[in-house]
Amino acid sequence: MTSAERLKSILQGKSVDRTPIAGWLHMPLVDRVIPEFVGATVQFTDENEWDFVKVMSNGHYMAEAYGADILFSTDPTQWSGTFRSYPVKSPRDLLTLPVLDKTNSALAREISVTAALVQHYQGKVPIVATLFTPLTWIQEMSSSTDPRLTREFMQRHKKALHRGLEALLSTQLNFLDGLLAAGIDGIFLASQFISGEVIGREEYHEFCRPYDQRILDYIKGRTWFNILHVHGNKRLLFDECLDYDVQAFNWEDAPYGVPDTQRSSIKAIRGLTDKIIIGGIDQHHDFSQEENNRDVIRARLQLQYQRAMQESGGNKFIFAPGCALPQDIPRDIFKLLKEVVGQSSRP
């Protein structure tokens with residue numbers, strides 16, 4: 001089976017030759033250079049036999065598009081660059097945020113990368129473009145990964161925040177026009193505001209859900225493999241997004257050291273949905289071993305795989321990390337995923 005055939009089969013509830021696997025990795029040394037990024041993505045996909053390509057765009061691409069002054073990382077183990085100036089510094093900036101066209105240089109670059117990957121794989125491996133939810137982009141464009149300023153906007157500057165969200169949504173729909181024309185199979189819609197650690201339920205329904213749904217409505221019937229990435233490792237607000245029109249959920253289902261009462265297990269979410277579940281691996285812990293001993297890591301991954309298969313029932317499941325793979329370990333280690341799946345039996 002090709003990867004696309006494998007995923008389409010599990011969507012239809014049909015049997016497959018093996019459990020699908022996936023992984024994605026930041027590539028800060030090449031992710032802004034089209035041919036190098038495409039080549040590195042193809043190599044990473046092929047050597048690990050991933051069943052879909054989650055295009056690992058530079059995490060700052062929308063901030064870059066809006067004119068942020070960024071010192072991009074030159075460290076292969078560190079994805080995040082250093083912001084010297086943010087596009088959004090105050091509520092006034094939200095009120096005047098422009099709508100960008102898909103011809104913007106940063107957005108056009110991402111569309112070109114995606115188009116090259118679609119052309120390379122010719123439908124055999126699904127290509128999934130990375131988008132962040134509008135509120136997540138507000139955080140990125142005002143304080144990178146720190147939610148405090150965005151929370152201040154939610155609490156004290158609602159009108160300005162809604163204006164900024166509308167502008168960003170329109171920009172993303174323009175961007176999606178380019179991605180859809182390029183031939184994407186779906187999107188990986190990542191939300192960093194879907195945990196009780198950073199947002200309340202009423203705030204979620206005001207500042208997140210309406211904008212998320214408009215993105216999903218826009219691609220309805222035009223893509224077939226869309227993923228919602230529920231970012232975070234505790235107090236996730238799954239009950240607020242279970243009805244999102246996506247084919248799969250991805251999240252950190254087994255974060256090391258997080259109490260069971262605060263995490264969302266595969267078993268718990270499988271009891272609530274029949275959508276594809278993508279997970280099973282704690283990317284921060286399961287690949288970490290002082291001597292990079294493959295046997296030790298393989299045994300750990302084997303246990304995680306068996307647990308995840310049991311919790312999911314082996315049904316509509318993709319064995320993968322809950323977020324980006326670690327950048328500071330030998331990449332040969334990631335090949336263990338296909339070894340584990342190949343050697344394991346179904347429940």
Side-chain angles (χ1 to χ4, degrees), residues 3 18-60 72-82 113 117 120-121 125-128 130 145 188 190 227 229 231 233 250-258 278-309 317-344:
S3 293
R18 66 162 172 82
T19 301
I21 56 174
W24 46 96
L25 180 79
H26 285 288
M27 301 180 180
L29 302 187
V30 298
D31 59 13
R32 296 175 64 247
V33 184
I34 294 171
E36 284 84 351
F37 187 29
V38 171
T41 301
V42 168
Q43 179 182 355
F44 188 58
T45 300
D46 292 353
E47 68 187 10
N48 291 288
E49 299 181 27
W50 303 137
D51 283 299
F52 64 86
V53 175
K54 188 263 194 197
V55 183
M56 205 61 173
S57 304
N58 184 285
H60 305 310
F72 289 96
S73 175
T74 57
D75 180 350
T77 68
Q78 174 61 47
W79 76 266
S80 180
T82 301
V113 166
L117 290 168
H120 177 84
Y121 283 108
V125 180
I127 307 300
V128 179
T130 298
T145 58
F188 184 97
I227 303 163
H229 173 67
H231 187 76
N233 59 22
N250 170 243
W251 78 98
E252 296 183 52
D253 65 274
Y256 185 74
V258 175
I278 304 174
I281 298 169
D282 177 355
Q283 70 279 0
H284 300 299
H285 175 260
D286 292 342
F287 297 101
S288 179
Q289 209 279 328
E290 289 185 7
E291 294 81 24
N292 291 314
N293 187 309
R294 290 176 62 85
D295 292 336
V296 173
I297 298 171
R298 181 190 289 106
R300 185 184 298 157
L301 290 171
Q302 184 85 28
L303 288 174
Q304 290 285 55
Y305 178 64
Q306 292 172 347
R307 173 195 59 80
M309 288 291 280
F317 173 67
I318 298 174
F319 192 42
C323 201
L325 290 165
Q327 295 170 245
D328 58 350
I329 66 169
R331 291 195 182 182
D332 185 64
I333 293 294
F334 301 137
K335 295 179 183 178
L336 288 171
L337 268 71
K338 62 181 178 181
E339 293 181 23
V340 166
V341 168
Q343 294 170 3
S344 298

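With rounding to the nearest 0.5 angstrom, the OG atom of Ser73 is 10.0 Å from the CH2 atom of Trp79. Between Ile333 atom CD1 and Asn293 atom CG the span is 8.5 Å, to the nearest 0.5 Å. Ile329 contributes atom CD1, which lies 12.0 Å from atom OG1 of Thr77 (distance to the nearest 0.5 angstrom). Atom CD1 in Ile21 sits 10.5 Å away from atom CZ in Phe52 (nearest 0.5 Å). Distance CZ/Arg298 to CG/Leu337: 11.5 Å, rounded to 0.5 Å. For the atom pair Asp286 CG and Gln302 CD, the distance stands at 12.5 Å (nearest 0.5 Å).
One N or O on the side chain of Arg307 and one on the backbone of Gly280 form a donor-acceptor pair closer than 3.5 Å.
Comment: Arg300 does not engage Asp282 in a salt bridge, judged by the lack of any side-chain N to carboxylate O separation of less than 4.0 angstrom.
Side-chain atoms of Ser3 and Pro126, non-hydrogen and from C-beta on, do get closer than 4.5 Å to each other. Looking at heavy atoms from C-beta onward, Arg294 lies out of side-chain contact with Gln289 at the 4.5 angstrom threshold. Under the 4.5 Å side-chain criterion, counting only non-hydrogen atoms from C-beta, His284 is not in contact with Pro255. Residues Lys338 and Asn48 are not in side-chain contact: their nearest non-hydrogen atoms beyond the backbone lie 4.5 Å or more apart.
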Exercise for the section: Give the C-alpha distance, both sets of side-chain angles, the deciding distance and a yes or no for side-chain contact (heavy atoms from CB on, under 4.5 Å) between Thr41 and Val113. Expected result: CA-CA 10 Å; Thr41 301; Val113 166; 5.7 Å; no
Handout entry: Residue pair Asp51, Ile318: steps toward the side-chain contact (heavy atoms from CB on, under 4.5 Å) verdict
Key = CA-CA 9 Å; Asp51 283 299; Ile318 298 174; 5.8 Å; no
Practice task
Mind running side-chain contact (heavy atoms from CB on, under 4.5 Å) on Lys335 and Asp332 for me, showing each step along the way?
Solution key: CA-CA 6 Å; Lys335 295 179 183 178; Asp332 185 64; 3.4 Å; yes
Exercise for the section: Start with the C-alpha distance between Asp46 and Tyr121, add both sets of side-chain angles, then the distance that settles side chain to side chain donor-acceptor pair (under 3.5 Å), and finish with yes or no. Expected result: CA-CA 10 Å; Asp46 292 353; Tyr121 283 108; 2.8 Å; yes
Exercise for the section: Apply the test side-chain contact (heavy atoms from CB on, under 4.5 Å) to residues Trp24 and Thr130: give CA-CA distance (whole Å), side-chain angles for both, the deciding distance (0.1 Å), then the verdict. Expected result: CA-CA 11 Å; Trp24 46 96; Thr130 298; over 6 Å; no
Problem - Test salt bridge (charged side-chain N to carboxylate O under 4.0 Å, His left out) applied to Arg331 and Glu47, step by step - result: CA-CA 10 Å; Arg331 291 195 182 182; Glu47 68 187 10; 5.6 Å; no
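Screening residues 22-44 for salt bridge (charged side-chain N to carboxylate O under 4.0 Å, His left out) gives Arg32-Glu64 as the qualifying pairs, with residues at least two apart or on separate chains.
Taking Asp328 as the reference, nothing meets the side-chain hydrogen bond (donor to acceptor under 3.5 Å, both in side chains) condition, with sequence neighbours excluded.
When all heavy atoms of Leu325 and Phe287 are compared, the pair lying nearest together is CD2-CE1, 3.6 Å. Closest approach of Gly322 to His229, counting heavy atoms only: O-CE1, 2.9 Å. Taking every heavy atom of both residues into account, Gly81 and His60 meet most closely at N-NE2, 2.9 Å. Nearest heavy-atom pair across Gln78 and Pro28 is O-CG, 3.6 Å. Closest heavy-atom contact between Phe37 and Met56: CZ-O, 3.1 Å. Contact record, Leu29 with Thr74: CD2-O, 3.4 Å, taken as the closest heavy-atom pair.
Under the 3.5 Å distance criterion, with hydrogens and angles disregarded, a donor-acceptor pair is assigned to the side chains of Tyr305 and Thr19.
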